[in-house]
Amino acid sequence: MAKFVIAGKSDCPYYSRIELLADDLQANLTDFQVHKIVKHPKEWQDWLDGTCEKNGWEHKQSPIVWRELIDRGGKGVLIGGSNEFQEYASGYYGFTSKQMSKDMNLISEENMETKLLITAEEEHEKSLSKPVHICITNASSDVAYHMVNEIARGDVLGKNTEVTLRLLTDKSLLEQVEGNKMEAIDLASPLLRDVTVTTDPRKAFKDASAVIFLDEIPKDEGMEQADWLKKNEEVFTTYGKALNECAKCEVKAIVAGNGPVNFNALMLGLASPAIVRQNVVAMSRLHENRAKAIIGRRINVNTAGVVDLVVWGNAGGTTHIDLQNARVHGYEGAIWGPPTYSRPVKEVVHDDKWLETEYLESLKQYQETVEGALNHRASFSTAHCVVSLLTDWWSGTPGGAFYSLGVLSEGWYELPEGIVFSLPVKFQEGVWEVIQDLNISFEVKAKLDDIADELQKEKEAIFPPPKVTPPPQPTSEDEEEKAKKVFGDEEKKDTSPSPDITKALEAPELPKQGPLMSIVEESETESQIGTTTETERT
């Protein structure tokens, strides 16, 4: 079997000559196959240079012909241009081109018109489609690798929604992620419009509708917690600025992976004020699914049958597993019911001591146990948690079921505002809503307050609270006097009048002799006579 590839510019008359010659060979020889590549004149040179560099060839003009080694694999064998192919066809197969120069020019014009028409049709088809752009950071990770297939085949955004994938990675891992891209294309998914690999966050976030952050900043041995948080803050603040400038304002941003995910989600949101604040969340579903899995194994039910279990708190630190409202579907007990029938988890388990001791210990060691059995990091379950979260957020959850999600607190359950806290939520038509009517005991509330303090301290590692400066202490009599005046504590002044003023206000002493004294005495005498007379009359 001989397979030849002929490629050239759409307006090249020499390409039209060997094209007709190749058609004659294919029509008359059963083992001869030809594959044609026609490029627009503007695209030709870049395509030719890239092809020659990839295969180690030297060729500078249109057309180019090579033979594919389909029986042995490996790169093809370069034959050359128009003249070399005609000599090859004549020497091996006895065929020659009988095309005249006039016919060559006419066919090249037709080829150019056809190429323009095909290009226009392709552009029109692309314009009719508006794929959703999804970006995955740390795209070299196993978690990212396992997500690609589920997103590409339409399980996340729906069977009628086309998607493009943006894989963001470090320069040192670019080649590996290029391999992931090739595998994604090999899926041949009709909904996967394009896959882009980049090291530029702005290019990756451009018009993105969803961004999944899988970054994990390692904590070196002996590193202080505050220093580790600062490294995380630097990374996610950089991401936040790029997200703020390039992504859609309603982009759904999910912070997952290991590390302080609640803290990272907070830093990401603070650095991207143009993004809808409720759309930056931290994933706590992995903790939730692991807690459900242990319950499921204990009572021999499918993990999906355990519902309404709540993970409160810090998905990257301390959490509280709340089984108060958790229920079980599909339990094979004495009482049966329809698929919607469920029973409380605590009632089915019927072992409070196990729930308070072994259950919690198993949950703490769960990741270590799984990864010890695998001999590598657990990634498949993490990838599915991210995908299922995005699916529920995009399309909603049926039946009013609720899940755990790290969201920016607005004071629900009397928790402080301004921290990202895992709370029970339900999803509906692209938005989430906190379940606000769950009853929690005083003991649980105390635990939630402790977790809130933990998250507040993480925040204060970057934004320390303002220090209250005490009033200055006086060091001398003058400073003490000034301090009294400043703080309104002046000594009370003596408001009594001065001796001179007192003396001036006193009535003058009348003389004991003289004409005035005589008048006064006479007046007093008359007054006494008048008073007596009045008394006698009475």
Side-chain angles (χ1 to χ4, degrees), residues 137 210-217 225-226 228-241 243-244 247 250-288 310-322 382 385-386 389-390 392-393 402-427 431-436 438 445 447-465:
T137 71
V211 181
I212 301 167
F213 295 90
L214 301 177
D215 298 82
E216 298 178 4
I217 290 82
Q225 177 77 0
W228 184 49
L229 291 174
K230 288 178 182 178
K231 289 184 66 176
N232 280 268
E233 183 268 338
E234 291 173 0
V235 171
F236 281 86
T237 296
T238 302
Y239 277 150
K241 292 178 180 178
L243 198 72
N244 194 66
E250 67 275 11
V251 62
K252 292 174 170 54
I254 300 174
V255 181
N258 293 324
V261 293
N262 290 47
F263 173 84
N264 290 340
L266 178 64
M267 296 300 106
L268 183 69
L270 292 175
S272 54
I275 306 301
V276 177
R277 193 63 193 90
Q278 293 80 3
N279 281 14
V280 180
V281 301
M283 188 185 78
S284 52
R285 183 165 294 199
L286 182 59
H287 294 69
E288 180 182 337
V310 181
V311 176
W312 302 88
N314 183 4
T318 306
T319 59
H320 173 69
I321 306 300
D322 188 355
T382 305
C385 285
V386 176
L389 168 57
L390 184 57
D392 292 340
W393 195 356
F402 57 82
Y403 299 89
S404 306
L405 184 67
V407 301
L408 183 66
S409 173
E410 295 183 8
W412 300 293
Y413 295 98
E414 299 180 356
L415 294 168
E417 299 182 14
I419 59 174
V420 174
F421 203 93
S422 180
L423 296 169
V425 302
K426 61 181 178 181
F427 298 95
V431 297
W432 54 261
E433 178 184 356
V434 173
I435 307 296
Q436 303 184 44
L438 298 183
K445 182 62 172 66
K447 292 180 180 179
L448 301 190
D449 290 341
D450 290 341
I451 298 173
D453 290 341
E454 174 186 302
L455 289 166
Q456 194 67 38
K457 289 178 181 178
E458 289 184 355
K459 180 180 178 181
E460 290 175 357
I462 308 300
F463 305 106

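Heavy-atom basis, side chains included; hydrogens, waters and symmetry copies ignored. Nothing here was measured: the structure is a model prediction, and the numbers come from that model.
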Could you go through the side-chain contact (heavy atoms from CB on, under 4.5 Å) check for Val434 and Glu410 one step at a time? CA-CA 10 Å; Val434 173; Glu410 295 183 8; over 6 Å; no
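- In Gln436, the CD atom is crowded: over 12 heavy atoms of neighbouring residues, nucleotides or ligands sit closer than 6.0 Å.
- Judged by distance alone, the side chain of Thr237 and the main-chain N or O of Ala271 form no donor-acceptor pair under 3.5 Å.
- Between the side chain of Thr137 and the main chain of Leu214, a donor-acceptor pair closer than 3.5 Å is present.
- Identified under the salt bridge (Lys or Arg N to Asp or Glu O under 4.0 Å) test for residues 259-285, with sequence neighbours left out: Arg285-Asp392.
- Checked by atom type and distance alone, the side chain of His287 pairs as donor or acceptor with a backbone atom of Ala315 at under 3.5 Å.
- The side-chain hydrogen bond (donor to acceptor under 3.5 Å, both in side chains) analysis of residues 252-273, with sequence neighbours excluded, yields the pairs Asn232-Asn264.
- For the pair Leu438 and Pro424, the minimum side-chain heavy-atom distance is below 4.5 Å.
- Judged purely by atom type and a 3.5 angstrom limit, Glu454 uses its side chain to pair as donor or acceptor with the backbone of Thr318.
- Residues Met283 and Val261 have side chains not in contact (no heavy-atom distance under 4.5 Å, counting atoms from C-beta outward).
- A donor-acceptor contact shorter than 3.5 Å links the side chain of Trp228 to the backbone of Ile217.
- The shortest side-chain heavy-atom distance between Val420 and Val255 does not fall under the 4.5 Å cut-off.
- Proximity of Ile275 to Val251: side-chain heavy atoms (C-beta onward) are separated by under 4.5 Å at one or more points.
- Side-chain contact between Tyr239 and Met267 is absent, with no heavy atoms from C-beta onward closer than 4.5 Å.
- In Lys445, the NZ atom is crowded: over 12 heavy atoms of neighbouring residues, nucleotides or ligands sit closer than 6.0 Å.
- Within the 3.5 Å criterion, the main-chain N or O of Val311 finds a donor-acceptor partner in the side chain of Ser422.
- Put simply, the side chain of Leu266 does not reach to within 4.5 Å of the side chain of Phe236, judged on heavy atoms.
- Shown here are the ring pair (Phe, Tyr, Trp, His ring centres under 6.0 Å) partners of Tyr413, two or more places apart in sequence or in another chain: Trp312.
- A perpendicular orientation is assigned to the rings of Trp412 and Trp432, their planes being inclined by more than 60° (bins at 30° and 60°).
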